[in-house]
Amino acid sequence: MKYNFNQIEAKWQKYWADNQTFKAENNSEKPKYYVLDMFPYPSGAGLHVGHPLGYIASDIYARYKRHKGFNVLHPQGYDSFGLPAEQYAIQTGQHPAITTKENIATYRRQLDQIGFSFDWSREVRTSDPKYYKWTQWIFIQLFESWFNYDTNKAEDITELIKLFEAEGNTNVNAACDDEVENFTAEDWNAFSSEKQQEVLLQYRLTYLAETEVNWCPALGTVLANDEIVNGVSERGGHPVIRKKMTQWSMRISAYAERLLQGLDTIDWTDSLKESQRNWIGKSVGASVAFNVLPNVTLSAVEGSHTIEVFTTRPDTIFGVSFMTLAPEHDLVSKITTPEQKAEVDAYIEATAKRSERDRMSDVKTISGAFTGAYAEHPFTKEPIPIWIGDYVLASYGTGAVMSVPCGDQRDYDFAKHFDIPIPNIFEGIDISEEAFADKDNTIIANSDFINGMNYKKATKRVIYELEQIGQGEGKTNYRLRDAVFSRQRYWGEPFPVYYVNGLPQMIDTEHLPVELPEVEKYLPTETGEPPLGNATVWAWDTESNTVVENDKIDNNTVFPLELNTMPGWAGSSQYFNRYMDPNNDEAIFSKEAIDYWQQVDLYIGGSEHATGHLLYSRFWQKFMFDKGYVNHDEYAKKLINQGMILGTSAFVYRAGGNIIELKKGNKARSFVKEIKFDKSIFIPLYYNEEEDSNFKDNLKKYMSSEDLEMLNSNPKYSWIVYNNEIHADVSLVNSSDELDVEGFKNWREEYKDAVFLDENGEVIKDNDVYKVRRDVEKMSKSKYNVVNPDDIVRDYGADSLRLYEMFLGPLEQYKPWNTAGITGVYSFLKKLWKLYYSSLEGGQEGVLKVTDAEPTKDNLKTLHKTIKKVEEDIENFSFNTSVSTFMIAVNELTAQKCRSKAILEPLLILISPYAPHIAEELWEALGNTESIATAPFPEFDESHLVESTKVYPISFNGKMRFTMELPLDMSKDDIEATVLEFDKTKDQLQGRTPKKVIVVPGKIVNIVG
RNA sequence: GCUGAAGUGGUGGAAUUGGUAGACACGUUGGACUUAAAAUCCAAUGGCCAUUAUGGCCGUGCGGGUUCAAGUCCCGCCUUCAGUACCA
């Protein structure tokens, strides 16, 4: 019998589906284990070989855990809302739901043929109303909650209302908007209902606010920062402007500290935790209030102003020699003196013109203006000049800093530039060249009551003194901003929100889901409203509690619905919990389900979600925990980031190509005289007839006649840069990097008559072998280096694909794909097959050759060595090394001519997580009637590995020279004596007496001297 | 700049607490089988030198150090990748 992988794989995939082999039960006698993948966005391009890497790893782990006796939850679904389907709808008019459905069908087919052990009965799709019903439900829960800093958790909004009714808001310690007016209980009770709603909105965990957003007029939507490249939209390159819009926001900043602390309790990679820590950006310091000195020239005395600053270095307060405000700071207009007004206004105008991006990229240029005003130092009472400068960001801290030039390089540079004094407050530190920012090795000087103190002590003391005079306190700042939660898009979750007098009202949860309406066009409306503005049936009837036609809006019982939709991360922020009970229509999940599954034990996915999905979902989980819906405030115990599989692009060089640059001027003389060959080709058009009479002929070789003509009629150009490097489709290149020239020429019309060049720029003749240049790049369609798993499965089988993806290298690492290498694992599978089936000559069917023979000592040693290593490897997620281990085991057992069922049967269980189809097939051939999926993992027995001797490496001065086999129970002294007596030792020593002999029993012998 | 990860043959990568560097594969070369190719099998394969029983020298990004012994530990650099960026 031959190893017919296509037939075997189809057979077992059908068997698993028919028998629901991997269906997880919500209650079981077995211990539970939850293995989760980041669910994919089903794009139109389908999967390439890079996509399944993480899924294969998690599948191996899930299958391993089943062998280890666990009830494993290993679900899969689709993050199926998103922009590409919407863009496609805009272009073609096809409803995104149809596109999405088609793409999902492709994904499912591709996933199925790789043989994953997903429990498909639990599939979720974020765009399915049955699913997003619960996304809307969570949104409402957030709306109905506020964050109490006293209890450090989210509480019901009704609790807050009770507090307001009883005592106003002065004693409420809540996460809320920056500028909330103070009111008493009487005030509150006297407020109109609208006023009360407005106030509450400032406290809710999801709230409406005027937010400055990146607005792209051409696309008619708000873009996230990472959708903007070089100041224009990533898609289409349209200009992006800053615009204020009323948007839903999530008060994630309330959870900043808990999100930070929680990182210490979870087993995620350090780099990922570090990313999140940086993103949260906690800074501990103090806020200090500086009083602005009244200025005699300012006639209107509007009372006193104070500038509040945040600093992480209160210990340097005596080093302040100026203050700097962001140009946008509110106080600027109020404190600027008449003499300085012109200069300040000019500066503000100049800064306003510079885009955010210019300001960021142009860090080097120092600019600013003096306001003419002075503030009073809180301790010395000396006047401090107040400047404005765009190195101070309005959006961080208070938008103002106390500038300590001796301790901060930016302040230092600013002071140098504007000739502001730089007082030195560090003992024995030279600051004539640059600022001294090292706070750990500092003794403070010239600083009144903190002289001689170190950073820690001085900081404490300064904060204490500031508190005494009421001009400051210890404060912690976070970089984490609230997350904008509105998108001006069609293909997303609609909000369960309608508006009464402009104030948002939640739709009762019992009427969810509010389904996405149909629209004619998926673009924003002509008046600039989001795509849902095109919907004609998009109003909420509060009597029937249904969505009705817009023309019924009377703002009495029928109201307009929210036109924005939710962002991509909404649907992915609780999907892991929904998998526990995905078909529940009564609740997001049942209590029984969450109590049983608890939390994700292992989560595998890409690191690109470090500060997006992985942070937002932690936030929602903490919220769900506060509300008592879940029992862990971190949802994933352990997280592994799989690395990316890169493509190995193939490059060919053709004569001609695309002109990428034309240069003029006689500078060409100093450039290459010859034609230089690299990624691009430089052709100097200046040449000396005498020196190179062939040059003109050569030019014809490299350039098209049109280009040549254009240049001849355009004498101002003196050299030309061609990009003659083109990507060849990797499928046209064989394992020895040789191009199928014929195929390549037929691949594209324009390559039909193309002339190719070799590495020296020489023209390749028809019968020459063309070797392509290979380089590793990200796998992408445009680089023609995409490898489709369908092809691999067809040619080598899913088991080969699975093994090879793991064999490529460590899971977390970035590594290139090279299809040629797959023959290694493929022949391994064939060798494995041959251990079980004899191959008979002449195409006859082989017969099963496994017998009940007693295993030999060697057989047992190989098996148990393999059990031990594979078990360790899986536990350490070192899947690449276990593939090697399998290869070694099969090679050894083949050499041993092992036919013993006692060896070959457990071997299948070891291999089954990696190559489940072949394992099932051979398992069945051995007479098993049940799937191998839950067969118990073989027990490792140390006794089979016990050796009586050890081949000792004998080294001299640390260098291994030869080996000696010695009994393991030999004593140190006996080993030393035996080794020293050995002839080869004497040869090595050549008469010298060893100074020292190191004997590590069971390890090594090292002779020094 | 800061943070994190990583530098090992032609390539992907192995190497427990420091203890035989290069496992396992790919590729390459030679051979067997074949009319031929594919497939399969066998052998060699870090570099340099020597020898034809055997051997020697150098080798894990660079420079130091600790140690009987360093890819592994310490100090100082260099390079690459990723994230982040005037965060006070």
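First the proteins, then the strands, lettered A, B, ... as listed; each starts at 1.
Taking the syn range as angles within 90° of 0, the glycosidic angle of B:rG9 is syn.
With both ends at atom C1', the span from B:rC41 to B:rA53 equals 29 Å, rounded to whole Å. The separation of B:rA21 from B:rA37, taken at their P atoms, amounts to 42 Å, rounded to a whole angstrom. To the nearest whole angstrom, the two P atoms, one in B:rU72 and one in B:rU20, are 14 Å apart. Comparing B:rA32 with B:rC81, their P atoms sit 47 Å apart, to the nearest whole Å.
Atom-to-atom, CD of A:Q276 to P of B:rG83 comes out at 15 Å; the value is rounded to the nearest Å. The interatomic distance linking A:Y796 (OH) with B:rA38 (C1') rounds to 12 Å, in whole Å. Separating the CE atom of A:M964 from the P atom of B:rG19 is a distance of 22 Å, rounded to the nearest angstrom. Distance, A:M806 CE to B:rA14 P: 13 Å, rounded to whole Å. Remark: C1' of B:rC26 and CD of A:E805 are 16 Å apart, rounded to the nearest angstrom. Atom CG of A:N278 and atom C1' of B:rU84 are 7 Å apart (whole Å). Atom pair A:F962:CZ and B:rU20:C1' shows a separation of 12 Å (rounding to whole Å applied). One interatomic measurement links the two molecules: CD1 of A:I888 to P of B:rG22, which rounds to 13 Å at whole-angstrom precision.
Between the side chains of A:Y914 and A:S882, at least one donor-acceptor pair of N or O atoms lies under 3.5 Å.
Of the side-chain N and O atoms in A:R479, none sit less than 4.0 angstrom from OP1 or OP2 of B:rC2. Listed pair A:K996 / B:rC68 meets the phosphate criterion, a side-chain N or O lying under 4.0 Å from OP1 or OP2. Proximity of A:S884 to the phosphate of B:rG13: no side-chain N or O atom is located under 4.0 Å from OP1 or OP2. Between B:rC68 and A:K995, no contact under 4.0 Å exists linking OP1 or OP2 to a side-chain N or O. Of the side-chain N and O atoms in A:Q409, none sit less than 4.0 angstrom from OP1 or OP2 of B:rG1. Proximity of A:N891 to the phosphate of B:rA25: a side-chain N or O atom is located under 4.0 Å from OP1 or OP2. At the phosphate of B:rC81, neither OP1 nor OP2 sits under 4.0 Å from any side-chain N or O atom of A:Y814.
Using Watson-Crick or G-U wobble geometry with both donor-acceptor distances under 3.5 Å, B:rC48 finds its partner in B:rG56. Here B:rG71 sits opposite no nucleotide as a Watson-Crick or G-U wobble pair (both hydrogen-bonding atom distances under 3.5 Å). Judged by Watson-Crick or G-U wobble contacts below 3.5 Å, the nucleotide B:rG76 has B:rC62 as its partner. Pairing for B:rA82 goes to B:rU3, judged as Watson-Crick or G-U wobble with the two contacts each under 3.5 Å. Nucleotide B:rU35: unpaired (no Watson-Crick or G-U wobble partner with both distances less than 3.5 Å). Under the Watson-Crick and G-U wobble criteria, each requiring two contacts below 3.5 Å, nucleotide B:rA88 is left unpaired.
In summary, the aromatic rings of A:Y3 and A:F5 are positioned with their centroids under 6.0 Å apart. Checked against the 6.0 Å centroid threshold, A:F322 and A:F414 count as a close aromatic pair.
Where A:E274 and A:W279 meet RNA chain B, the nucleotide closest to each residue was compared, and A:E274 sits on the side nearer the 5' end. Heavy-atom nearest nucleotides on RNA chain B were determined for A:A400 and for A:K831, and the one closer to the 5' end corresponds to A:K831.
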Task: Criterion side-chain contact (heavy atoms from CB on, under 4.5 Å) on A:N880 and A:E805, from CA distance to verdict - done: CA-CA 8 Å; A:N880 54 326; A:E805 296 235 351; over 6 Å; no
Task: Full working for side-chain contact (heavy atoms from CB on, under 4.5 Å) between A:V787 and A:I792 - done: CA-CA 8 Å; A:V787 180; A:I792 303 294; 3.9 Å; yes
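Comparing B:rG27, B:rG19, B:rC24 by their nearest atom to the side chain of A:N1006 picks out B:rG19.
Taking the six-membered ring for Trp and thresholds of 30 and 60 degrees, A:F418 and A:W387 have ring planes inclined between 30 and 60 degrees apart. Below 30°, between 30° and 60°, or above 60°: for A:Y804 and A:F807 the angle between ring planes is between 30° and 60°, a tilted geometry.
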